[in-house]
Amino acid sequence: MSVFIVGADVLGNIPSNLSKAGVKSLQHFKGRKRISEDIQIPANTDLVLVITDYISHNIAELIKRKAKEASLPVVFSKRSWSHLQEKIQPYMVK
């Protein structure tokens, strides 16, 4: 499984916990700076994870729209691992 994370300046233990949960590929975009429409969700992404504590509203809306266009699931979560784990559970490969 490949995850694209948008938001949060520092991910802390999230990458290692995702790896333990079966995520093979992880890419991160901080999402605070002003951007244009040219931000792209990486190819082969299976899940888009938006960290809501640390992201601008415009970027969150843009990512949501682009994920919908690509028919990708989007999860909005706090940066807390316990909160995030609960939100991504339905998408994890068993």
Side-chain angles (χ1 to χ4, degrees):
M1 171 172 248
S2 177
V3 176
F4 181 51
I5 299 178
V6 181
D9 294 333
V10 177
L11 295 176
N13 65 350
I14 292 173
S16 63
N17 288 336
L18 286 172
S19 179
K20 290 175 190 173
V23 172
K24 302 293 183 210
S25 174
L26 176 89
Q27 292 193 348
H28 177 227
F29 178 79
K30 292 183 180 180
R32 282 211 205 207
K33 295 182 180 178
R34 296 174 87 190
I35 61 161
S36 63
E37 292 276 328
D38 62 345
I39 183 173
Q40 297 298 319
I41 297 173
N44 301 321
T45 297
D46 298 309
L47 176 68
V48 177
L49 175 59
V50 179
I51 306 295
T52 58
D53 299 346
Y54 305 97
I55 189 168
S56 76
H57 292 285
N58 291 337
I59 294 174
E61 286 297 319
L62 178 63
I63 292 296
K64 181 179 176 182
R65 181 172 47 82
K66 290 194 177 242
K68 185 176 181 179
E69 290 171 359
S71 300
L72 292 171
V74 180
V75 173
F76 292 86
S77 173
K78 296 178 184 178
R79 196 171 63 110
S80 158
W81 174 248
S82 59
H83 189 260
L84 192 146
Q85 184 179 23
E86 181 181 317
K87 293 278 197 159
I88 64 170
Q89 191 65 36
Y91 303 100
M92 299 310 294
V93 178
K94 300 199 182 341

Which heavy atom of Asp9 sits nearest to which heavy atom of His28, and what is that distance?
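Looks like O-CE1, 4.0 Å.
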Search all heavy atoms of Gly7 against all heavy atoms of Leu11 and return the closest pair with its distance.
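Looking at all heavy atoms of both residues, the closest pair is O-CD2, 4.3 Å.
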Less than 4.5 Å apart, side chain to side chain, heavy atoms only: is that true for Gln85 and Asn17?
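Side chain of Gln85 against side chain of Asn17, heavy atoms only: no contact under 4.5 Å found.
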Under a 4.5 Å cut-off applied to non-hydrogen side-chain atoms, are Leu18 and Ile88 in contact?
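In contact.
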With rounding to the nearest 0.5 Å, note down the distance linking [atom1] in [X] to [atom2] in [Y].
X	Y	atom1	atom2	answer
Asn58	Ile63	CG	CD1	12.0 Å
Gln40	Thr45	CD	OG1	11.0 Å
Ile5	Ile55	CD1	CD1	11.5 Å
Lys64	Leu72	NZ	CG	14.5 Å
Lys20	Asn13	NZ	CG	8.0 Å
Tyr91	Leu47	OH	CG	7.0 Å

Which residue, Val75, Val6, Leu26, Val74, forms the side-chain contact (heavy atoms from CB on, under 4.5 Å) with Leu49?
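Testing each of Val75, Val6, Leu26, Val74 against Leu49, the sole residue satisfying side-chain contact (heavy atoms from CB on, under 4.5 Å) is Val75.
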Under the side chain to side chain contact (heavy atoms under 4.5 Å, CB included) test, which residues partner Gln27, sequence neighbours left out?
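Phe4, Pro42.
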Side chain to side chain contact (heavy atoms under 4.5 Å, CB included) with Ser80: which residues, sequence neighbours excluded?
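Partners of Ser80 by the side chain to side chain contact (heavy atoms under 4.5 Å, CB included) criterion, ordered by chain and then number, come out as Ser82, His83.
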Stepwise, does the salt bridge (charged side-chain N to carboxylate O under 4.0 Å, His left out) test hold for Arg65 with Glu69?
CA-CA 6 Å; Arg65 181 172 47 82; Glu69 290 171 359; 3.4 Å; yes
Check for a donor-acceptor pair, side chain of Ser77 on one end and backbone N or O of Ile51 on the other, with a separation under 3.5 Å.
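Checking the backbone N and O of Ile51 against the side chain of Ser77, no donor-acceptor pair under 3.5 Å is found.
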Please answer whether the main-chain N or O of Val10 pairs with a side-chain N or O of Arg79 as donor and acceptor at a distance below 3.5 Å.
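Checking the backbone N and O of Val10 against the side chain of Arg79, a donor-acceptor pair under 3.5 Å is found.
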